[in-house]
Amino acid sequence: LKLQFLYFIGKKKKKNRKKKNKMVQFHMRGETKPNERRTAITPEAAKELIEAGHSVVVERFPDRCYPDEEYEKVGCKIVKAGMWAEEGKVPSEKVILGLKELPESKAPLPHKHIMFAHCFKNQDGWKDIMQRFVDGKGSLYDLEFLKDTTGRRKVAFGRSAGFNGMGVGIFAWAHQQLNVTKMTCNTFPKDVFYPTQESFVRHAANAIKSAGRAPKIIIIGALGRCGSGATDMALKAGIPEENITRWDMKETSKGGPFPEIMEHDIFVNCIYLDPSTKSPPFITSEMLEKTRKLSVMVDVSCDPNNPANPVPVYSECTTFSLPVNRVKNFGVPAEGTEVVCSKNVGVEGFGKTAKKGDKGKVTGTDVTMPDGAVFSFSSTSFTTPTALSLPFDVIAIDHLPSLVPCEASSEFSSGLLPMLLDMDKDSETVWARALEVFTEKKAEL
């Protein structure tokens, strides 16, 4: 009887020990967003997860900044790309780990997913992605909502996003100085990424030298991760301290719009956008029609369709292939400006003519004459008593850290790893809080 009792106790202890050391099965998918080279975990982080008793499967992804072979060397199983999405191929208990949003589909999602889903702040298409989780009885742990008990994010790409955003803003501004009448072209290297942060800084510094002067910049959200990254890049690229204006909650608490922004060459918006915020915008489209120095805006927050967007002067994100959206062209005066014909102009066969000396008014990018005739504005055909307005270029790339993918991934992975190691126990209830956000959002459908 005594032996039976000891056997029972020993068996129970083993069961408890097994429960305590429960293994999590991670399946890292390949990214599908164009020019995305980052990874959620580095090979070294994968090694630590395996040594802690977890398993890591990695999908093949030729564009990932770390080769598949490096993951294989540390014990990861390598499988074909897209396997996670094939019905019945990956057990539902596995955790699908990724970074950017999933490809558009109506297929149900039965797994637990860790990623930036961009659907908890009512972004375009949020109901579609949430419905897929409902249909598949899966769950979403959004990386943006892994927070501590005070509400501070535990891990983010914010610093590298601000750093890279400032660099791209410098490229766009320098291009304007050299060729202001033309659209900003793709100024990135052929492969759209930099091997090191040092090479990226060197490119930005050379751009400033080619422009002949350093720009005057303003960073809003300067005290956060993103803002500190933007400031760091500006200083490393050679922009003098006196050319950098740093604003944060104290400076913006009175509410916008802020005409001070228009006195700078480059505006970098680094705030964390709270969807419940209903404060006035920082800048407006009307401000762009007035005399200004501002010609480049980098919206690192990159949320143009959010009702609380503080910079509502553009409607679509940009990409690495087309990094700049020219919101306002160079050489077209403000709406209503009176202009004078500098030569006879007309449209042959349509009877619309205007003589040298005739006056008209700017309407959009055209000139409307008193008789109703409309001509496209051209600085060779019309003159204006005031200086022509500057262009206004917007950069709004939602995965800026991918420009320097290895360093961004390494920094992010080091922050995410402790939470992945603790996912089964969730000692700090980080995963439980993230799941609560998902559950609350699901209830809004």
Side-chain angles (χ1 to χ4, degrees), residues 35 37-38 65 157-180 182-222 224-246 264-270 293-302 318-326 390-411:
N35 296 316
R37 294 178 176 272
R38 292 172 297 169
C65 57
F157 279 103
R159 190 185 180 285
S160 56
F163 191 96
N164 295 353
M166 174 59 73
V168 179
I170 289 171
F171 299 158
W173 173 82
H175 182 83
Q176 287 178 349
Q177 311 314 300
L178 299 173
N179 203 353
V180 76
K182 294 184 178 181
M183 297 293 285
T184 301
C185 63
N186 183 359
T187 55
F188 300 128
K190 185 178 179 181
D191 292 330
V192 201
F193 83 102
Y194 290 82
T196 63
Q197 198 175 85
E198 183 182 356
S199 61
F200 185 50
V201 170
R202 188 164 56 248
H203 189 179
N206 288 337
I208 292 174
K209 289 178 182 178
S210 68
R213 69 176 180 91
K216 186 177 181 183
I217 63 174
I218 181 169
I219 303 166
I220 296 186
R225 290 189 185 101
C226 182
S228 64
T231 302
D232 189 29
M233 173 49 138
L235 292 170
K236 286 182 176 178
I239 297 177
E241 183 71 45
E242 59 268 23
N243 281 29
I244 304 173
T245 301
R246 299 176 177 87
H264 298 77
D265 296 299
I266 302 173
F267 163 36
V268 185
N269 179 39
C270 293
K293 187 175 182 180
L294 186 69
S295 62
V296 172
M297 180 182 77
V298 182
D299 187 14
V300 182
S301 297
C302 203
T318 60
T319 65
F320 285 124
S321 299
L322 295 171
V324 169
N325 173 16
R326 179 149 288 182
L390 289 170
F392 184 69
D393 290 336
V394 172
I395 293 136
I397 301 171
D398 66 3
H399 57 142
L400 281 165
S402 289
L403 267 181
V404 191
C406 283
E407 292 181 41
S409 296
S410 177
E411 183 178 341

Visitor: Within the 4.5 Å heavy-atom criterion, are Arg213 and Asp265 side-chain neighbours or not?
Guide: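 Answer yes - side chains close enough.
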Visitor: Any side-chain to backbone donor/acceptor pair from Gln176 onto Pro391? Under 3.5 Å, distance only.
Guide: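 No.
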Visitor: Inspect the contact between Arg246 and Glu241 and indicate whether a charged nitrogen and a carboxylate oxygen are less than 4.0 angstrom apart.
Guide: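 Looking at Glu241 and Arg246, the cut-off is met.
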Visitor: Determine whether a donor-acceptor pair (N or O, by modelled atom type, separation under 3.5 Å) exists between the side chain of Gln177 and the backbone of Trp173.
Guide: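 Yes, Gln177 side chain to Trp173 backbone: donor-acceptor pair under 3.5 Å.
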Visitor: Go through Asp393 and His175 one step at a time and tell me if the side chain to side chain contact (heavy atoms under 4.5 Å, CB included) criterion holds.
Guide: CA-CA 11 Å; Asp393 290 336; His175 182 83; over 6 Å; no
Visitor: Out of the candidates Phe200, Phe320, Phe163, only one should pair with Tyr194 under the ring-ring contact (aromatic ring centres under 6.0 Å, His included) rule; please name it.
Guide: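 Looking at Phe200, Phe320, Phe163, the match for Tyr194 under the ring-ring contact (aromatic ring centres under 6.0 Å, His included) is Phe200.
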Visitor: Decide yes or no on side chain to side chain contact (heavy atoms under 4.5 Å, CB included) for Thr318 and Val394, but give the supporting numbers first.
Guide: CA-CA 8 Å; Thr318 60; Val394 172; 5.5 Å; no
Visitor: Checking Thr319 side chain against Leu322 main chain: does a donor-acceptor pair fall under 3.5 Å?
Guide: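 Confirmed, Thr319 side chain pairs with Leu322 backbone.
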Visitor: Take a 6.0 Å sphere around NZ of Lys293 and say whether it holds more than 12 heavy atoms from other residues, nucleotides or ligands.
Guide: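 Counting neighbours around NZ of Lys293, more than 12 heavy atoms of other residues, nucleotides or ligands fall under 6.0 Å, so yes.
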Visitor: Looking only at side chains, do Arg38 and Ser409 share a donor and an acceptor under 3.5 Å apart?
Guide: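 Arg38 vs Ser409: no donor-acceptor pair found between side chains.
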Visitor: Heavy-atom distance under 4.5 Å between the side chains of Phe392 and Leu294, does that happen here?
Guide: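 A side-chain contact under 4.5 Å exists here.
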Visitor: Who are the ring-ring contact (aromatic ring centres under 6.0 Å, His included) partners of Phe157, not counting sequence neighbours?
Guide: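 Expected list: Phe412.
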Visitor: Which is it for Met233 and Val268 under the side chain to side chain contact (heavy atoms under 4.5 Å, CB included) test, yes or no, and what are the steps along the way?
Guide: CA-CA 12 Å; Met233 173 49 138; Val268 185; over 6 Å; no
Visitor: Apply side chain to side chain contact (heavy atoms under 4.5 Å, CB included) to residues Val168 and Val298 and explain how you reach the verdict.
Guide: CA-CA 8 Å; Val168 179; Val298 182; 5.8 Å; no
Visitor: Please check if the side chain of Ser410 supplies one atom and the backbone of Cys406 the other of a donor-acceptor pair under 3.5 Å.
Guide: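 Between the backbone of Cys406 and the side chain of Ser410 there is no qualifying donor-acceptor contact (under 3.5 Å).
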Visitor: Only pairs at least two apart or in different chains count here, so list each side chain to side chain donor-acceptor pair (under 3.5 Å) that has a residue in residues 157-168.
Guide: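 Of all non-adjacent pairs touching residues 157-168, those that pass side chain to side chain donor-acceptor pair (under 3.5 Å) are Arg159-Asp232.
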Visitor: Restricting to side chain to side chain contact (heavy atoms under 4.5 Å, CB included), what partner residues turn up for Cys226, sequence neighbours left out?
Guide: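 Residues passing side chain to side chain contact (heavy atoms under 4.5 Å, CB included) with Cys226: Cys270, Val300.
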